[in-house]
Amino acid sequence: MSFYTGRTGSLEYAARNAASFTEVAKIRDWSIETTVELLSTTTIDSKVNTFTPGLMGATGSATIVYYRQTDTSGANIQPLFDNIMMIGTNGVEESNRVQLKLKLGEDAKDSIKVNAYITSVTIGTSTGELVSASINFTVDGNFASRITTTA
């Protein structure tokens with residue numbers, strides 16, 4: 001039986017319909033929450049509430065540690081999460097949907113893959129702390145893959 005810690009978790013992203021994912025270099029945390037709407041089927045003569053499942057949805061968040069990577073010539077390379085933030089775009093369009101892979105461990109069975117829209121980005125710092133960017137996202141559609149509980 002394997003147990004995981006925050007050290008084994010990671011976040012990967014890819015542009016819409018891209019074949020390969022890029023691991024976000026340093027993350028502090030990520031989380032995802034799924035919900036289902038319940039539609040009431042209670043009738044006027046019922047003594048108890050009854051429901052049927054409605055729409056499912058999911059939202060999540062992650063905290064990315066900011067750093068600037070340099071190539072071998074020393075020139076600055078665009079920070080990895082600038083692509084997630086869509087800096088320099090003229091608004092968000094369907095083509096800005098990203099693929100996210102939320103990983104608990106190294107094995108592909110220990111990951112969740114979704115299509116999502118980044119809905120907010122907050123960058124902040126304080127004295128003596130690392131600069132970080134918190135992102136929130138909303139899942140678009142169903143999960144492409146999910147964590148499996150069997151080997």
Side-chain angles (χ1 to χ4, degrees), residues 1-42 49-71 76-126 128-151:
M1 178 182 294
S2 297
F3 293 94
Y4 298 108
T5 69
R7 290 179 187 254
T8 58
S10 64
L11 169 68
E12 296 179 3
Y13 81 98
R16 180 182 175 156
N17 300 324
S20 63
F21 284 83
T22 301
E23 184 170 333
V24 174
K26 302 291 181 195
I27 66 164
R28 187 178 303 157
D29 54 58
W30 64 257
S31 66
I32 190 164
E33 177 184 8
T34 60
T35 58
V36 64
E37 295 177 10
L38 294 178
L39 306 173
S40 178
T41 57
T42 307
N49 287 325
T50 57
F51 299 93
T52 189
L55 295 175
M56 183 194 84
T59 59
S61 64
T63 304
I64 301 167
V65 178
Y66 182 90
Y67 78 104
R68 185 167 298 279
Q69 181 180 4
T70 58
D71 63 17
N76 284 335
I77 295 174
Q78 193 72 12
L80 198 52
F81 69 79
D82 280 2
N83 293 322
I84 294 174
M85 292 170 47
M86 296 173 278
I87 289 176
T89 63
N90 294 320
V92 177
E93 299 176 356
E94 190 175 341
S95 62
N96 294 124
R97 182 178 70 181
V98 295
Q99 298 177 83
L100 297 176
K101 189 184 294 183
L102 308 166
K103 297 176 73 175
L104 295 175
E106 298 299 319
D107 196 321
K109 293 181 287 193
D110 301 321
S111 65
I112 302 168
K113 189 165 75 171
V114 298
N115 292 315
Y117 289 100
I118 306 301
T119 56
S120 69
V121 177
T122 304
I123 300 176
T125 189
S126 60
E129 298 293 326
L130 295 171
V131 176
S132 61
S134 299
I135 64 169
N136 292 306
F137 57 89
T138 298
V139 174
D140 181 31
N142 206 352
F143 287 20
S145 66
R146 59 185 173 80
I147 295 173
T148 58
T149 56
T150 57

Distance-only donor-acceptor check, side chains Asn136 and Thr119, under 3.5 Å: no

Test item: side-chain donor near acceptor, Thr122 and Ser134, under 3.5 Å: no

Minimum heavy-atom distance [X]-[Y], with the two atoms named:
X      : Y      : answer
Thr125 : Glu129 : OG1-O, 3.8 Å
Ala116 : Leu100 : CB-CD1, 4.0 Å
Val36  : Gly54  : CG2-O, 4.1 Å
Thr34  : Ala58  : CG2-CB, 3.9 Å
Phe137 : Ser31  : CZ-O, 4.0 Å

Thr138: partners by side chain to side chain donor-acceptor pair (under 3.5 Å), with sequence neighbours left out: none

Under 3.5 Å: donor-acceptor pair, side chain of Thr41, backbone of Thr50: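 Side chain of Thr41 to backbone of Thr50: a pair is present.
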
Residues in salt bridge (Lys or Arg N to Asp or Glu O under 4.0 Å) contact with Asp140, at least two apart in sequence or another chain: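 Only Arg97 meet the salt bridge (Lys or Arg N to Asp or Glu O under 4.0 Å) criterion with Asp140.
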
Contacts of type side-chain contact (heavy atoms from CB on, under 4.5 Å), residue Asn49, not counting sequence neighbours: Thr42, Phe51

Spacing of Asp29 atom CG and Ile64 atom CD1 [to the nearest 0.5 Å]: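 Here the interatomic distance stands at 10.0 Å.
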
